[in-house]
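One structure is given below, encoded as structure tokens.
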Amino acid sequence: MLGLPLAFSAPLVLFGLLALPVIWWLLRLTPPRPQAEIFPPLKILARVMKREETPSKSPWWLTLLRLAIAGFIIMALADPILNPRENSISTAGPLLIVMDNGWATAADWEDRVSVASRLITDAEESEIPVSLVFTADATHDATPRSAAQALERLQAASALPQHGDRARTLAAVADTLGGTAPGTLAILSDGVTSDGEETDRLSAQLEAIGAASVLLFEDGPDAVALVDAENGADAFVVEAQRPVAAGAVSYPFNAHDIQGRAIAEGSIDFADGETTGTGFIRAPFELRNDFARFAIPGIRSAGSAYLLDDSFRRRRVALLSGASADLAQPLLAPLYYIERALEPFADIVRPRDPELSVAIPELIETNPSVIVMADIGTLPDDVYGPLTEWVEDGGLLLRFAGPRLAGADENDPLIPVTLRQGERALGGAMSWTEPQNLAPYPDQGPFAGMPPPENIVVNRQVLAQPSPELSANTWASLEDGTPLVTTRQIGEGRTVLFHVTAEATWSNLPISGDFVEMLRRTVMLSSAGGQPAGGSAGEQASLPPYRLLDAAGQLIAPSGEARPLVLSNEAPTVSPENPPGLYGTEDGFIALNLMDARDALELIAWPDAVSATRTGYGTDNAMSLRPHLFTAAMILLLVDSAIVLLMAGFARRLRIGSPALGRTAAGMVAIFAVSLALTPDATAQTDDTRAGDDIILEQLNTTRIGYVLTGEDEVDRISERGLAGLAEFLAYRTSLEPGAPTGLDIETDQLAFFPLIYWPVSASAPMPSAQAISRIDAYMKAGGTVLFDTRDQFSGLGNAASPETDRLRAIMADLDIPPLEPVPEDHVLTKAFYLLPDFPGRYRGGEMWIEQLPQAGETRTMTSADGVTSVIITGNDLAGAWAIDTNGVPIYPTVPADPAQREFAYRTGVNIMMYMLTGNYKTDQVHVPALLERLGQ
């Protein structure tokens, strides 16, 4: 009658309230008074003795108090719920759920899944189909399914590092439904958009769907996205956006190196009423060149991370000129335009000595990325050697033509093409030719994608001798086909020649915007980035995924769904086939970020023309009153007990053995135990304790192999499947039947249950903390063994250590381990179960390292584990060779592809496990006399 939003989970229990009158009668009921017979001698005693009277009935207020206790208990057992959630979906058609799963949903994804689950449950109760579609998926499958199938799809879904395409999603919904109007359209929005015209398209599409009712779930977004970064002259400048022009606020952000370590920090400041904020990190450019990623701590989204590649690194560029600077006419100085074009993204170095034989060696000692020579013809003989060696080691020599170069030796080894003597004049009274314009830039080369040149005229140039390779070495040319920019690779580096001067006497190129962009792109080739300095331009056409961003903004190994990034004249954009991340190889990659300066992060304005019930994700205020009613009953019970004690004279005489006190205390304990048993929290606590005991007993009863969780899904999956394959092989070939492998968080998990822990070393995984290293060290000293697998035998050929080996050295630097040696030929590992000459995995040829055995005469003991080594190191990728799918088929081929190698890899795992579990029993000499005696018989 009062409109109170109240419901009961067990309404039938309320019939217990009908028993309250009976309880009242029982509480008031007393046995009949005994008939009194007067014994005359007792009259005297009755006069002197104090008479204690016991009331025949309890007071009405005490009876009412006890009835209230009984009523509260009955109401609590009925489980009343305040503000119960009502089934608000329409049954006029299927339930259509359009769910954003883009980057902005990563922080509160579980809340969104909870809301969608409740809607699907309502549809299941109403027996209507459910159409569930996600806006960031590659395929927008809106086919209506049963509620159970829709719930499975929901549980399998996750937030993606993508922009949601709502317009395309609604178009797919309209095509799938084919005119069937849904009963309820539920939109679970993230509240943001980077497409300013999205609202106009959504209005017509929502009206065309024609849902009977629309539910819009949307919270005020607090998303922040990094959209741009620039490595300035003295600081790294980072730009961020937020969708709401709120008050002034600052966000801390960190700069991480390629290993994921935070090496610098700054602050992004948003002014009051502004949606764009700027942050700075001031550091030496050598340190700024180590920045690989920016991230805002505390915000879990791909938008809060910004990846950097080699194009963001500042180069040290050395400038040389064949003529002295003309201070009276600075615009005619050979280096005037070059210096101003390079200053925004490079550190300029000038020689202190004008003599080239002294200046060039001094500049090479500064380790520049680029050396620019403007109109320098013949070089001194003693500098050709050092300069050529510098180029071969990866340097980039950028030269500009001029009168001196036109008259230089045509066989100069540091000129990319053979030149004709003299320069070519275009136009003028003595020439039949006209000044030439630049031809469009070719699709192959560093200038690919630049707009076609306009109003750039060349009046004079140096010509190249025609040759078969001239076309392949040309980056830009004039309309008549003569080269303007040529190049040649020398060792790991290259030389580049502009066939015009660096100032505006031969052409107007130096005073154009194309000149700045051409210099920037050329300088970017000076070190490993999107393309190494020695690579050809055509190699940039397609780059494989190297590391990808997940929805939470963390770099992970690429999945099978990612496709190579194909470069074209247009800037690459994020798509389901090309998620944000790094594309290329370890030697050079390109960063593809979720947001860039062209995007504008805004609030999504859902059309007002569509009548919708708007609510948030945290508006489910349903609350169970059961614990409160039990608490109220407990308080009244304590009050009743206190009253009983007072009425029994407890205040006047405190007697521990009093029957009234004993009965009251026992009743209080019993009722408290019953209330505690009926409280959900107490039951959960008891269940948790038993569950923990079961886990411990299971670990003690079953031998299991543990593996370290690195945080990279693909690496952890290989470890799990590899150890599962080894366990299956052990159960088939030996009497050991190990349990399923267990992933271990070495920060918190108990390690003592596992005789062997497999650790796949990954250079891109987070570095373990000092506490984790200390726990591993204690585990090894207590008798456990850690099998480190760098998995780099195939990729780590050569003298240089692989990143995984460097990471292993960093981990072992804090471990207290004895000296190591390769497994000796007569070691127990070679004969623990199988006789093995070596220990291959997916790769073959790498050494397996163990603790060094005690030498003759030494009394050193290896460990407390019966002489078993505490550490095993290999690079042969054992888990990759053991890994099988659910059908028992190997996942990865061996290198080389040899079935016998996989068999020996499994035998290596068997020997390691037998060695871990039995120790050095095969080297024990105790039984030698008995064996010799038996052999003699």
Under 3.5 Å, side-chain donor or acceptor atoms of residues 832-841 against the rest of the protein: list the pairs with distances, not counting sequence neighbours.
| residue | atom | partner | partner atom | Å |
| --- | --- | --- | --- | --- |
| Y834 | OH | R733 | NH1 | 3.4 |
| D838 | OD1 | R844 | NH2 | 3.3 |
| D838 | OD2 | R844 | NE | 3.1 |

When you measure from the side chain of E392 to the backbone N and O of E492, does any donor-acceptor pair fall under 3.5 Å?
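No: the side chain of E392 does not pair with the backbone of E492.
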
Check whether N887 reaches the backbone of V889 with its side chain - one donor and one acceptor, N or O, closer than 3.5 Å.
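Flag not set: sc N887 to bb V889 has no pair under 3.5 Å.
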
*Cut-off 3.5 Å, side chains only: do T830 and E825 have a donor facing an acceptor?*
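E825 and T830 do not have a side-chain donor-acceptor pair below 3.5 Å.
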
Is it true that D716 and T710 share a donor-acceptor pair across their side chains at a distance under 3.5 Å?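 Indeed, the side chains of T710 and D716 share at least one donor-acceptor pair under 3.5 Å.
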
Less than 6.0 angstrom separating the ring centers of Y583 and Y546, yes or no?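 So the answer is no for these two rings.
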
>> Suppose we call two aromatic rings close when their centres sit under 6.0 Å apart. Are F294 and H256 close by that rule?
In response: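 That pair fails the under 6.0 Å test.
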
Using a 4.5 Å cut-off on heavy atoms from C-beta on, say whether the side chain of R807 contacts that of V761.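 Answer yes - side chains close enough.
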
Exercise for review: Evaluate the side-chain proximity of I811 to W759: yes if any heavy-atom separation is below 4.5 Å, no if none is.
Suggested key: yes

Result for side-chain contact (heavy atoms from CB on, under 4.5 Å) between I850 and one of V868, V871, L820, L829 points to L829

Paired with I873, the side-chain contact (heavy atoms from CB on, under 4.5 Å) test is passed by just one of M848, M812, E847, namely M812

**Report entry** Six-ring centre of F291, R288 cation under 6.0 angstrom, axis tolerance 45°
**Finding:**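 No, cation not above the ring by the 6.0 Å, 45° rule.
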
Indicate yes or no: does E720 engage R717 in a salt bridge with an N to O separation below 4.0 Å.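 A salt bridge is absent here (no side-chain N lies under 4.0 Å from a carboxylate O).
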
